[in-house]
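The next block holds one structure in the form of structure tokens; read it before the comments.
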Amino acid sequence: MKDLKFEQKRSLSRLEAADQLTALAAALREGGDAELELGPGTLSLRIPDDLRSEMEVEIGEGEIELEIEFKWPTAGRKTVPAKPGRSGTSTNRSKGAKSP
């Protein structure tokens, strides 16, 4: 289950779309706590220095669809490295031994 999902669908002029992307670009450039004006409301996000991105273009059925996606971990969630001997393939490593 997602912690939060915000979705907005509406028709925009080309200039309104450009303004929305410009605001997003400025928030990404600044990083940290960002606020994006999205129609009637404001979306507040914490944007880290490093993110993952995905761009997808689909052409078909008389339309072009362009999706730009950015992902980053939520604050407080850190990836914990697996401890030796807990994976499906184990090695003979004694406790306290350091990895090369």
> With a cut-off of 6.0 Å (strictly less than), are more than 12 heavy atoms of other residues, nucleotides or ligands near CZ of Arg14?
Replying inline: no

Table please: side-chain donor-acceptor pairs of residues 20-31 below 3.5 Å, with sequence neighbours left out.
unit_1	atom_1	unit_2	atom_2	d
Thr22	OG1	Ala18	O	2.8

> If you look at every heavy atom in Glu16 and Ser11, which pair is closest and at what distance?
Replying inline: OE1-O, 4.5 Å

> What are the two closest non-hydrogen atoms of Leu12 and Ala17, and how far apart are they?
Replying inline: CD1-CA, 3.9 Å

>> With a 4.5 Å cut-off on side-chain heavy-atom distances among I, L, V, M, F, W and Y, is there a chain of contacts connecting Phe70 to Val57?
In response: yes

> Under the salt bridge (charged side-chain N to carboxylate O under 4.0 Å, His left out) rule, what pairs show up with a residue in residues 50-70, not counting sequence neighbours?
Replying inline: Glu69-Lys71

>> Side chains of Thr42 and Glu37 only: does a donor on one sit below 3.5 Å from an acceptor on the other?
In response: yes

> Would you say the side-chain atoms of Trp72 pair up with the backbone N or O of Asp49, donor to acceptor, closer than 3.5 Å?
Replying inline: no

>> Less than 4.0 angstrom from a charged side-chain N to a carboxylate O is my criterion; do Glu7 and Lys5 meet it?
In response: yes

>> Working to the nearest 0.5 angstrom, can you tell me the gap between Leu43 CG and Leu36 CG?
In response: 6.0 Å

>> Is there a side-chain contact (heavy atoms from CB on, under 4.5 Å) between Met55 and Leu66? Walk through the geometry before answering.
In response: CA-CA 7 Å; Met55 184 177 285; Leu66 169 64; 4.0 Å; yes

